[in-house]
Amino acid sequence: MDQITLETRKVSIEFPGVKALSDVDFEIATGEIRAVVGANGAGKSTLMKVLAGANPDYTGEVLLNGEVVEVRTPSAAKKLGIQIVYQEVDTALIPTLSVAENVMLNHTIMNTKGHPVVNWPKMRQEAKKVLERLNITNINVKTLVQDLSLAQKQMVLIARAIQGECNFLILDEPTAPLSDTETVELFRLVQHLRETENVGVIFISHRINEIIQICHKYTVMRNGEIVGTSPVTSETTSREIVEKMLGRSFEENFPKEAVSIGEDIFQVQHLSGAEGKVNDVSFHVRKGEIIGVAGLVGAGKSELCKTLFGDYKKTAGEIVLHGKTLKIKNPSDAVKERIALVPEERRKEGVLVNEDVSFNLSAACLGKFCVASFINKAKTDANAKKYIEQLGVKTPSIRQWVRNLSGGNQQKVAVGKWLAADCDIYMFDEPTKGVDVGAKQDIFRLINDIAKAGNGVIYASCENSELLSITDRIYVLYDGKIMAELVTADTSEDEIMHYAVGGTTAFAKAQ
């Protein structure tokens, strides 16, 4: 097969107060799987958006097979065979359309007789063929996208990307919402696209073990510049990649601080809800304690958090805080009872992307910053400056729109707004998804500080290594039910996985 090259020469781009890319030279060929890595804010997504036509105001040149091309719109990029699958899947899909309509969105199939009528049977047939290429058999093409899980939405987006002409496929944190089984399927597809269809794949991920597993080379970015490109060999280690990303040595495991744990402050008794996705769940949280909620994708972790927060309807059970039985019918009730939730889908639910950093950091407790019915800007600005410094938020100004921050800094803002609200129970749902290793440690320190202040923390994550690093106890969910309660110091990833896949017998620990 003929090889096609895609490259940038001296590409730069600036946002208000930030030089996001500075004279970037990058090159990839078809038939190659290339990782692009870097801390949050390094410029990875910005560079990918240039290639995908979503950042039209770049300077410098983009070349295809050595010829300068204009990539100023997404449609121009698609015509050149450059497809991108973004991390935030809900911003790229139309929830009220079917799977078939979303997969075929760029190639609507009209009636062959020339009438402006969609040929629905053929559209569904073509969409089904694409899903079959991905070996996806659990998604009906007639299903509305709004009824799919996060993992299924991700696969629909990938199906749409490969349905069109695709010489280069950019995957931005593609495995973040996927289970281990789904990740294996994605890797199989990526290898198939490279070997059979000669597609060049650009793979952005903070999961370094995945980069070592699937990529041929990795390009490191830092502060809007490319630091270098290296081959992935049998000698490549996670530590090597991380230290190049951060530009310094890295302590692999987060050292959890010892915190004095007190009496029970939060009890959940026989809770059911979320349209059957939470089933008879009981657990407790003590003062100063961090409890983990483990489970695979679809186990019910997010649904449990959202039911406790009043976002999903509770059908049975009790929620008790400081001995008081709570009546939480909506998130507003939860906030009044001093319960916080940092949700998994931060851009959709965790922050107000079209508001500035200052407003976001006061949004959960705006009443504290009002005089009569007017917001006191001096107070909100002082609050913002306090938490920007405390959390290490990288922003040129408190007036910066949150949508222009990197993913990790958006997550810090999502957490910071609840710190200002001074809650008793903090729930974190996949808080490190799409966050680099440096920002992860910042978030871990922050959660430790919350526990040290005597609050209770619920930490829901698919990342068992994180749960083992930061929690005191772990509850393992499977199909909306708690399968086991484990003491973190006495358990292992193997034991967590045993219960996460539905194990009902006691785990046989090695002697």
Distance-only side-chain donor-acceptor flag, Ser469 / Glu466, under 3.5 Å: no
So, His498 side chain and Thr505 main chain: donor-acceptor pair closer than 3.5 Å or not? yes
Are the side chains of Val85 and Ile170 in touch, meaning some heavy atoms are under 4.5 Å apart? no
Cationic tip of Arg72 within the cone over Tyr58's six-membered ring, i.e. under 6.0 Å and within 45° of the normal? yes
Is the shortest side-chain heavy-atom distance between Ile204 and Leu171 below 4.5 Å? no
Does His270 offer a backbone N or O that forms a donor-acceptor pair with the side chain of Ser282 under 3.5 Å? yes
Any ion pair linking Arg207 and Glu463 (charged N to carboxylate O, less than 4.0 Å)? yes
Asn140 backbone acceptor or donor facing Thr143 side chain under 3.5 Å: yes
Would you call Arg34 and Glu32 a salt bridge, taking side-chain N to carboxylate O under 4.0 Å as the test? yes
Lys394 atom NZ: more than 12 heavy-atom contacts under 6.0 Å: no
Any donor-acceptor N/O pair, Tyr218 side chain to Cys215 backbone, under 3.5 Å: no
Is it the case that atom NZ in Lys128 sees more than 12 heavy atoms from other parts of the structure closer than 6.0 Å? no
What residues form a side-chain contact (heavy atoms from CB on, under 4.5 Å) with Asn55, not counting sequence neighbours? Ile13, Phe15, Thr46, Lys49, Val50
Would you call Lys327 and Asp333 a salt bridge, taking side-chain N to carboxylate O under 4.0 Å as the test? no
State, yes or no, whether a side-chain contact exists between Gln400 and Leu405 at a heavy-atom distance under 4.5 Å. yes
Side chain of Asn198, backbone of Glu195: donor and acceptor closer than 3.5 Å? no
If you measure from the Lys or Arg side-chain nitrogens to the Asp or Glu carboxylate oxygens, is any gap between Lys481 and Asp280 under 4.0 Å? no
Are Arg473 and Glu485 close enough for a salt bridge, meaning some N to O gap below 4.0 Å? yes
Charged N to carboxylate O under 4.0 angstrom, Lys129 versus Glu132? no
